[in-house]
Visitor: 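Dropping a structure here in structure tokens format, bear with me for questions.
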Number of protein chains: 2
Amino acid sequence: MSYYKKLEQHARKLSRLDHLSAICGWDQAAMMPSGGAEARSEAMAELAVISHELSTAPYLEEWFASAEKENLTDEQRVSLAALKRQWMMHNILPAELVEQKSLLGSQCEHAWRTQRPANDWEGFKKNLEPVVELARQEAAIRSKATGLSLYDALLDLYEPGMTTEVLDRIFADVKTWLPQLIQDVQNKQQAESIEPLTSTFPIEQQKALSLNVMKLLNFDFDHGRLDISTHPFCGGVPTDVRITTRYDEADFTSALMGVIHETGHARYEQGLPKQWRDLPVGQARSMGIHESQSLFFEMQLSRNVDFAQQLAPLAQQTFGRGSDTALTAENINAINTRVKPGYIRVDADEVTYPAHVILRYEIERDLIERKIEVTDIPVIWDEKMQAYLGIDTKGNFKDGCMQDIHWTDGSFGYFPSYTLGAMYAAQFMAAMKQTVDVKSAITSGDLSPVFAWLEANVWSKGCTLSTDELVKQATGETLNPKYFQAHLNSRYL
Amino acid sequence: MSYYKKLEQHARKLSRLDHLSAICGWDQAAMMPSGGAEARSEAMAELAVISHELSTAPYLEEWFASAEKENLTDEQRVSLAALKRQWMMHNILPAELVEQKSLLGSQCEHAWRTQRPANDWEGFKKNLEPVVELARQEAAIRSKATGLSLYDALLDLYEPGMTTEVLDRIFADVKTWLPQLIQDVQNKQQAESIEPLTSTFPIEQQKALSLNVMKLLNFDFDHGRLDISTHPFCGGVPTDVRITTRYDEADFTSALMGVIHETGHARYEQGLPKQWRDLPVGQARSMGIHESQSLFFEMQLSRNVDFAQQLAPLAQQTFGRGSDTALTAENINAINTRVKPGYIRVDADEVTYPAHVILRYEIERDLIERKIEVTDIPVIWDEKMQAYLGIDTKGNFKDGCMQDIHWTDGSFGYFPSYTLGAMYAAQFMAAMKQTVDVKSAITSGDLSPVFAWLEANVWSKGCTLSTDELVKQATGETLNPKYFQAHLNSRYL
């Protein structure tokens, strides 16, 4: 057997273990009773150890060296590069640092769960400082191995190819127009009235509505399910994608738009190239491209009055509220497009969301580059919230710099993906509209032309192209934030 | 670290992989969409390979030899024996035979799924013959390694300590009184009328009733769940026991009694000794003892008019049928205790069930001992069905010798566990009644004294005692089928 084939076989083995981990992880969040937690953690940790041993097996170095000398097809060469990247990612960090990171991260996250509600910044700071220090060490090691700058070496984990230089430029541009746009949209929306949702929307009915909307979005129920979890996510494996939501009985739009978002993630996974299943080259391109699909579904496709025309009758029927004036298409759309600056990122609307991300990006970049320290975070957080959103967060740590879980376990470099996703989504939509009549597709209720475009240009590509190349082939140019700006202006002004 | 401790650690590792396999297996049966099957099988097979490699690691032989020379506590010595038994079970068979068994078993089972409905005995026979031949080889190898007779060496996989000699004696005894008892009960029941169930019992309501009855049976919902699957089972792990049922909208008693049965299995698992979690010595004693717990719950505890007094008001309330004369305690009990010989084992009542088991035992024993051949099965099956149950099965293979899945994958030696379980259950109940007022516990709705007895005498013992010793400590004597006979006589005559 060729060394390339041996590496493929090895990767498939790892992927199969990831499969079990993904299903048991989903089960943990969506099905497992509380008393099962301890033994489950132990079982998952055992699998992680086995996976890690396989990923770092000493013979792999020779296999890669030999495979690179083999006579491979172009496709195999791309696949080999993806295999090698995955291998290097697993092998860059010394085992002690991985262990230390897992330990300090768990401790910080565990403490955060009580320190956040207690608004205990001083307590949290003590746990966060060693996590940041370790992330800096990780950045230094990754930087040395990859030749990237410190922060870029972390960014590379989630957005291969993206750099601080590009982000700084793009976000600087956004900052020139976003604060004013937020003001303008708020002024405009002051004149618009929203009929508030009343009474309750039973969970069983919300679930039925969610399933109907997933059908409208061509979710493949032969290869996936919808369930409930505290924190909604898209998990499982491409052949069996598990999405979750949580239901608020007072507001059906929250779960509904969440389900549409996760359905975007799910259809990307379901649409990944089957011939590369279980291999790195067959996986999703990056976190930003993944988010571009969820945001394409949620923001580009669904938060407009045409789509609300599809949602409204479904909602009216499901809840048996044919004459509820809050459930008209216009009112649902007004709810879905309301802009209001707030403290909390995960509750933010499409327009204010980038401000939350840019703020976090600027702080974490400077933390990793040792330009600021953990103790400086609250003051900087407050200054930026004032500047970008006009919000005072002084002394309110729990709704300020302590609100997110990301930093607690050392996931620095992840935040930019959210806004990159929003930008890619807008750019994909603009390109799609050149060949697809999206409005007609929405109003007809047959969205297949939309999905055919995404499948051809994004999903089926897996990881065969760089992000830049994928976006260029799909839209004619690399990332250009003007499409996002144009989208916001057109929808909200 | 001592070798004993190393062996413990090794066993915990295996147990944690079994945990993931159990949860993913449950998911496969209860949650997974059909399109996930192929990748799931591959993932499960990968885990099985890793488990097998660990179970048969060459260094274990030396570890066991060294551990046996160590200074161990009595408890550790018992644990070491259980560890060694598990290790030997994994190592007796050559890898090729294990592979061959899995392959031929899958083929036979797969073909059986279409051959059975087609009543295609000739086709099925061709697949079953090599499965039986391999089982004979397996029996020979196991016999040589254990010193047991051919069939006993297979029986030992499910009922360690049980022998053909004991079974022959016990079943010979049963055959002296069972056919007549079946006749007598039928004659008696002819005079009793049953009010048939009418209309439908919605699944959601049946589920609510099941959950209520599980609460009555003290199922620990912090450590388990109830779901739906085609073939009901009790799976998961002791800290997180997953039971399943299937609902028949025309007959709520079928799912309900099934849930009670699985709850018996589940409480055994939930009650296993926590200090031995993840070690063989902390596992259930045997298949027969496991079945004794499910049958204790289903048959001993629940199929009587006192328990029906508890069920009836719950059923009436749940289904909103306070005045349905079919839902009185007396009628529910009449349904639950109806005796009628039939073709199908899994549909059989408590009285006729042993006849199905004895028939299968006698055939599989003689097959393994090469006294008969596969081609002889239908004639023998028919003779025995005529003799034990007065039923003609000539030419009706699908409801005759092709009805069970057990032989298709070579699980010879399993069938006796069902009737051993029924006998142990009757013996446990007789012993329990000497110190526990079971009738009062049932009528009061507080069954905790019943469960306290089972926990003290069965569940908490795990695998620390042999089956004989467990039963002797619990009831004062080893297996004695007279309790089962007395139970049937007292309930049905």
Side-chain angles (χ1 to χ4, degrees), chain A residues 9-28 30-51 53-54 204 219-227 235-242 266 269-270 272 274 277-278 282, chain B residues 9-28 30-51 53-54 204 219-227 235-242 266 269-270 272 274 277-278 282:
Chain A
Q9 214 169 49
H10 186 266
R12 288 211 172 87
K13 187 163 188 153
L14 277 172
S15 172
R16 286 168 188 156
L17 299 186
D18 287 348
H19 177 137
L20 302 174
S21 176
I23 295 301
C24 287
W26 165 85
D27 182 272
Q28 206 163 0
M31 295 287 149
M32 189 183 74
S34 61
E38 193 189 337
R40 178 66 58 83
S41 301
E42 290 171 9
M44 299 280 275
E46 197 67 62
L47 189 66
V49 167
I50 292 172
S51 271
E53 282 168 6
L54 272 171
E204 273 310 309
F219 181 92
D220 179 355
F221 286 94
D222 274 345
H223 290 96
R225 321 177 21 109
L226 168 68
D227 294 278
V237 293
T239 51
D240 184 3
V241 181
R242 309 287 173 98
E269 289 288 315
Q270 290 178 336
L272 287 169
K274 293 179 185 39
R277 172 158 77 79
D278 283 330
Chain B
Q9 214 170 49
H10 186 267
R12 287 210 173 87
K13 189 164 186 152
L14 277 172
S15 171
R16 286 168 188 154
L17 299 186
D18 287 347
H19 177 137
L20 302 173
S21 176
I23 295 300
C24 288
W26 165 85
D27 183 273
Q28 207 162 0
M31 295 286 149
M32 188 183 76
S34 61
E38 192 189 337
R40 178 67 57 83
S41 302
E42 290 171 10
M44 298 279 276
E46 197 68 62
L47 190 65
V49 167
I50 292 173
S51 271
E53 282 168 6
L54 273 172
E204 273 309 311
F219 180 92
D220 180 355
F221 285 95
D222 273 345
H223 292 96
R225 318 177 25 107
L226 168 70
D227 294 278
V237 292
T239 51
D240 183 2
V241 181
R242 308 288 173 97
E269 290 287 315
Q270 290 179 336
L272 287 170
K274 293 177 184 41
R277 173 157 78 78
D278 283 330

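What you see below is based on every heavy atom in this structure, not just the backbone, and it leaves out hydrogens, waters and symmetry mates. To find a chain, count down the sequence lines: A is the first, B the second, and so on, and within it residues start at 1.
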Visitor: Can you name the salt bridge (Lys or Arg N to Asp or Glu O under 4.0 Å) partners of B:Glu38, sequence neighbours left out?
Guide: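 Counting only residues at least two positions away or on another chain, B:Glu38 forms a salt bridge (Lys or Arg N to Asp or Glu O under 4.0 Å) with A:Arg277.
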Visitor: Below 4.5 Å from any heavy atom of chain B, which atoms of A:Asp278 appear? Answer side chain, backbone, both or neither.
Guide: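 Side chain of A:Asp278 only, per the 4.5 Å heavy-atom cut-off to chain B.
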Visitor: Looking at chain B, which one of A:Met32, A:Arg12, A:Lys13, A:Arg40 has the largest number of heavy-atom pairs inside 4.5 Å, strictly under?
Guide: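 Maximum pair count with chain B is reached by A:Arg40.
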Visitor: Over all heavy atoms of both residues, which pair between A:Leu14 and A:Ser51 is shortest? Give the atoms and the distance, please.
Guide: CD2-O, 3.5 Å
Visitor: Identify whether the distance between the nearest side-chain nitrogen and carboxylate oxygen of B:Asp240 and B:Arg242 falls below 4.0 Å.
Guide: yes
Visitor: Looking at every non-hydrogen atom in both residues, tell me the closest pair between B:Ser34 and A:Asp222 and how far apart they are.
Guide: OG-OD1, 3.5 Å
Visitor: Could you tell me which of B:Cys24, B:Ala39, B:Gly36 has the largest number of non-hydrogen atom pairs under 4.5 Å with chain A?
Guide: B:Ala39
Visitor: Heavy-atom distances under 4.5 Å only: say whether A:His223 touches chain B with side chain, backbone, both or neither.
Guide: both
Visitor: Which bit of A:Leu20 is near chain B, if near means a heavy-atom gap under 4.5 Å: side chain, backbone, both or neither?
Guide: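 For A:Leu20, the contact with chain B is made by backbone and side chain together.
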Visitor: Does B:Asp227 have any salt bridge (Lys or Arg N to Asp or Glu O under 4.0 Å) partners at least two apart in sequence or in another chain, and if so, which?
Guide: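 With neighbours one apart ignored, the set is B:Arg225.
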